[in-house]
Amino acid sequence: MPKTEPIKAVRGVRDILPEERGLWRVAEQAAARVAHRFGYREIETPIIERRELIERGVGEDSDAATKELYRFEDRGGRQLALRPEATASVVRAYFEGGLNQGPQPARLYLMGPMFRYDRPQKGRYRQFFQFDIEAIGGSSPALDAEVIEVARAWLFEVGLKELTLELNTIGDSICRPAYLDLLRAYYRPFKSRLHSECQHRVEVNPLRLLDCKVPQCQPFKADAPRITDHLCEPCALAWKTVRQLLDAAGIEYHLNPYLVRGLDYYTRTVFEFYPAGSTGSQDALASGGRYDGLAAALSWESTPGVGFAGGLDRVTELMATEGEQVITEPAAEVIVLPDGDLVAEAAEVARLIRTVRSAAVDYEPRSLRAKMRAADKQQAKWAVLFSAENAKQHKVQLRDMRTGEQVEVSWPELPERLLPD
RNA sequence: GUGGCUAUAGCUCAGCAUGGCAGAGCACCAGAUUGUGGAUCUGGGUGUCGCGGGUUCAAAUCCCGCUAGCCACCCCA
């Protein structure tokens, strides 16, 4: 048979191997614990959705929709997409599942894979995992602060305490249009001195001018009008309340007037958590904000909401570099090493042991020495070995791998001898 | 989508400038130990040199294309 190229994983995705999986479980369990502590209930939504939901959910002109979306047509000709984030799906499920009829707000959390077709590098994958929190059906600024507190509590819980919280508000549909006009008016005279994309932004999406990182566009930022000076009364009050609540909770934050969301239905609070000292935007561990216009953009009844998405890939990466130690339990506590081809007996012995402890059988046709070495490598706590003679008498040699002590035990005695302390 | 760096054993990497038998350490396998792990010693290379083409008597080495990883952009978790 001609040798052909072995089949590898597709670009930008990866396996979480057993050794690494323990660390992930720590991050996931912390997320679930924190979510429950704040009264959030778990929800799961499909990773495939109608393309429209996704496109309208992330903004049809956004990068996420135009160049990063995994889209495909199914066998029935339906236009589908892999979700690049969870919020639109959760909002859809909130209405479809009747959660809008229950107590408000609905506090929901979700964990799962998201997909974006962008160029892979460390901390950025085409399939990545998010911990997602959404509080839908409530407009209180207290929920904004709560969601930020949940994000922080999670990061704290997994040992990431050196954090920077960037915070801003972007107003709402009442006050933002007027502010955008001011911003446009301010930038128009400089338009020719901006880089090409920003020239376009002046008319189309002036908010994005504020977080442009191209050097030639920087000089104009400092004197640009700030949204915080042009908020309508309700937005100003909400903005003040959020900050007061964060202060009261002892949560430090850094006001960043250049932190924006480029989409119309994002409103008021926006925030991002970074590891302390980080500069790159690709290091964001969690980010979120309020999206009072999203439900309407999806053609559901207008409903406020706020939430965040945290990146499991980046969080576990950081946990590992911060030296988070995860005790890896042995795959099996007891390893049964039969002599020769005493397969049926070995299986029976293992079955008896499994009433009290995990047990695996070494069926490989190799020397006892090799099997012992393998048992040692797997950090088994006990080895159970027996010869044909032992098997006939329903006896085994029970060896404590830590002390090297070895005793002869009859089959019926095994569970008792191996009882967990 | 743009620019740059990289790709040799399971892992970390040397070899490449100046073409000439594919290497080291760790890991792995076997034995010493007459079937009982860890320590030690001995032996074993387990490889389409990322893939495809080109130049050459000869290519891991030089040239071209592709793929993948990493880095900086774009953007995001």
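Chain letters run A, B, ... following the sequence lines, proteins first and then strands; every chain starts at 1. We use all heavy atoms of the structure for the numbers below, so side chains are in, but hydrogens, waters and symmetry mates are not.
When the C1' atom of B:C28 is taken as reference, atom CD of A:Gln378 falls 14 Å away, rounded to whole Å. In this structure, the NZ atom of A:Lys122 is 23 Å from the P atom of B:G4, given to the nearest Å. For the pair A:Arg373 CZ and B:U33 P, the interatomic distance rounds to 15 Å; values are reported in whole Å. Between the P atom of B:U36 and the CD atom of A:Glu408 lies a distance of 17 Å, rounded to the nearest Å. Put simply, CZ on A:Arg402 is 18 Å from P on B:G37, counting in whole angstrom units. Atom OH of A:Tyr117 is separated from atom C1' of B:C74 by 15 Å (rounded to the nearest Å). Atoms CG (A:Asp283) and C1' (B:C75) sit 13 Å apart, rounded to a whole Å.
For the side-chain contact (heavy atoms from CB on, under 4.5 Å) with A:Arg268, the qualifying choice from A:Pro141, A:Cys235, A:Cys175, A:Ser139 is A:Cys235, the only one to do so.
Using a 4.0 Å heavy-atom cutoff across all strands shown, A:Leu285 reaches sugar-phosphate atoms only and no base atom. If you check every strand for non-hydrogen atoms under 4.0 Å, A:Arg369 touches a base.
B:G15 and B:U8 are spaced 9 Å apart, taking the C1' atom of each and rounding to whole Å. Atom C1' of B:C63 sits at a distance of 37 Å from the matching atom of B:A27, rounded to the whole Å.
In this structure, A:Phe128 forms an aromatic stack with the base of B:A77, since both conditions hold: centre separation below 5.5 Å and plane angle below 30°.
Under 3.5 Å, the side chain of A:Gln397 and the base of B:U36 form no donor-acceptor pair of N or O atoms. Put simply, the side chain of A:Arg11 and the base of B:G69 share no donor and acceptor less than 3.5 Å apart. Evaluation of atom-type donor-acceptor distances gives a pair under 3.5 Å for the side chain of A:Arg119 against the base of B:U2. Side-chain atoms of A:Arg124 and base atoms of B:C75 include a donor and an acceptor less than 3.5 Å apart.
Using a 3.5 Å distance cut-off with no hydrogens or angles, the side chains of A:Tyr70 and A:Gln127 do not pair a donor with an acceptor.
For A:Asp181 and A:Arg184, the salt-bridge test passes: some basic side-chain N is under 4.0 Å from an acidic carboxylate O.
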